[in-house]
Amino acid sequence: MPELLDVEGFRRFAERHVAGRAIRSVHVLDRELVRNRSARSLQSALAGQRFGTARRHGKWLILPAGEAELLMHFGMTGALAWAPNDADRHRHDRLVVVFDGGELRYNNMRRFGGVWLARDADERELVTGSLGPDAATLGPEKFAALLDARRGGIKAALMDQHLIAGLGNLMSDEILWRARVHPEASVGSLTPHRRQKIYHELRAVIGESSRYGRVPHGRRWLTRMRDDRDASCPRCGSRLSRTRVAGRTACWCPRCQRR
DNA sequence: TTGCATGTTCCGGA
DNA sequence: GTCCGGAACATGCA
């Protein structure tokens, strides 16, 4: 699930349910997913604190709690849920934060990602590593400058969190498909016009998706087609190709996205 | 049983 | 230093 848009959905979800509320207790259901503190130390750091305004940088969710921050990464299968009480917890719920009147559940089947506590901005950056500017607020000049300093393939560049934070496999495929750029094209081979087109589609994909908190599965989106074995291009009807690009399965149209 | 899955990190090699 | 591919991580599903 989680790329930038999904995490943005989680941010809003957290904002709606827990911002400003006092934490009554913290239940660590899977010790391993609390990555940089003991369960006990996380509990004592959070209990009694209030969550401030939820932030997001790339695929990271940042929940200020008192002086500290609770950092969440969702890996490939993470999600948040809210429940009025402790009934019917799921076996993949890894961390539960309890408030008066309900509880926030961090669920993660495959256990990539996890939860960290950061005492300050320095510790946060230690945890997240250096992140590029968030894709949702990246300006055109900055995007152009980042690509100018980059070699290698365009899909790898879009997915590199150090360069731009937030884009993953699905969104990079969606953007390149809309921009009609082959996923293996090298950055250096792209004309300024092509790069502007990629930027334009990046903004469009994020903009059109943001109200859903995820990339839509509509008929005109590549994302919807990639699950089908005999998927065809929503634009031209050609059979879509699947190849490994930058370590992931890229889905693209051999007719629309020529080298 | 095998392969694949929207994530990151680490390693060796060019 | 840069970039790439591959393997690893953990779990479930087709």
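Proteins get letters first, then strands, A, B, ... in listed order; numbering begins at 1 in each.
- In this structure, the CZ atom of A:R35 is 10 Å from the C1' atom of B:dT8, given to the nearest Å.
- Nearer the 5' end of DNA chain B, as judged by each residue's closest nucleotide, is the contact made by A:T249, out of A:G129 and A:T249.
- For A:W221 and A:W177, the gap between ring centers reaches or exceeds 6.0 Å.
- Salt bridge absent: A:E103 and A:R24 never bring a charged side-chain N and a carboxylate O closer than 4.0 Å.
- Counting non-hydrogen atoms under 4.0 angstrom, A:G168 reaches the backbone sugars and phosphates but no base.
- We find the OG1-CG distance between A:T249 and A:D173 to be 9.0 Å, quoted to the nearest 0.5 Å.
- Proximity of A:K59 to the phosphate of B:dT6: no side-chain N or O atom is located under 4.0 Å from OP1 or OP2.
- The nearest whole Å value for the distance from the CD atom in A:Q161 to the P atom in B:dT9 is 9 Å.
- When ring centroids are compared, A:F112 and A:F74 stay outside the 6.0 Å threshold.
- We find that NE2 of A:H73 is positioned 8 Å from P of B:dT9, with the value rounded to whole Å.
- For the P atoms, the distance linking C:dG6 with B:dG3 amounts to 15 Å, nearest Å.
- Under 4.0 angstrom from either OP1 or OP2 of C:dG12 there lies at least one side-chain N or O belonging to A:R91.
- Straight-line distance from the CG atom of A:N107 to the C1' atom of C:dT11: 12 Å, rounded to whole Å.
- Between the CG atom of A:N36 and the P atom of B:dT8 there is a distance of 18 Å, given to the nearest Å.
- Taking every side-chain heavy atom of A:M76 into account, B:dT6 is the closest of C:dT2, C:dC4, B:dT6.
- Base-pairing analysis of DNA chain B finds the following stems of at least three consecutive Watson-Crick or G-U pairs, with both pairing distances under 3.5 Å: B:2-5 with C:11-14, B:7-14 with C:2-9.
- Rounded to whole angstrom, the span from the CD1 atom of A:I164 across to the C1' atom of B:dT8 amounts to 17 Å.
- Comparing C:dC3, C:dG12, B:dA5 against the side chain of A:R244 picks out B:dA5 as the nearest.
- The shortest distance between the side-chain N/O atoms of A:H162 and the OP1/OP2 oxygens of B:dT8 is not below 4.0 Å.
- Residues A:G247 and A:H92 each lie close to DNA chain C; by heavy-atom proximity, the contact nearer the 5' end of the strand is made by A:G247.
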>> Determine whether A:L117 and A:L46 satisfy the following criterion, side-chain contact (heavy atoms from CB on, under 4.5 Å), listing intermediate values before the conclusion.
In response: CA-CA 9 Å; A:L117 192 73; A:L46 293 181; 4.0 Å; yes
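- A:G153 comes within 4.0 angstrom of the backbone, heavy atoms only, and of no base.
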Taking distance alone, no hydrogens or angles, what donor-acceptor pairs closer than 3.5 Å link side-chain atoms of residues 202-211 of chain A to residues at least two apart or in another chain?
residue: A:R203; atom: NH1; partner: A:L138; partner atom: O; Å: 3.0
residue: A:R203; atom: NH1; partner: A:Y199; partner atom: OH; Å: 3.3
residue: A:E208; atom: OE2; partner: A:R178; partner atom: NH2; Å: 3.1
residue: A:S209; atom: OG; partner: A:V205; partner atom: O; Å: 2.5
residue: A:S210; atom: OG; partner: A:G207; partner atom: O; Å: 3.2

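- Below the 3.5 angstrom threshold, one finds a donor paired with an acceptor across the side chain of A:R248 and the base of B:dG7.
- Both geometric conditions, a ring-centre gap below 5.5 Å and a plane tilt below 30°, are not fulfilled together for A:F112 over the base of B:dT8.
- For the pair A:R248/A:M159, a side-chain contact is recorded, criterion being any heavy-atom separation below 4.5 Å from C-beta on.
- For B:dT6, neither phosphate oxygen OP1 nor OP2 lies less than 4.0 angstrom from any side-chain nitrogen or oxygen of A:R110.
- Residue A:R111 places at least one side-chain N or O closer than 4.0 Å to OP1 or OP2 of C:dT11.
- Each of C:dT11, C:dC3, B:dG7 was ranked by its minimum atom distance to the side chain of A:E3; first place goes to B:dG7.
- Close to B:dA5, at under 4.0 Å from its OP1 or OP2, lies no side-chain N or O of A:T77.
- Rounded to an integer number of Å, the gap from CG of A:D6 to C1' of B:dA5 is 14 Å.
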>> Show, in sequence, the C-alpha distance, side-chain angles and deciding distance for A:I154 and A:L190, and conclude whether the side-chain contact (heavy atoms from CB on, under 4.5 Å) test is met.
In response: CA-CA 9 Å; A:I154 182 62; A:L190 299 171; 3.9 Å; yes
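- Atom CZ of A:R94 is separated from atom C1' of C:dT11 by 9 Å (rounded to the nearest Å).
- A:W252 meets the ring pair (Phe, Tyr, Trp, His ring centres under 6.0 Å) test with A:H182; sequence neighbours excluded.
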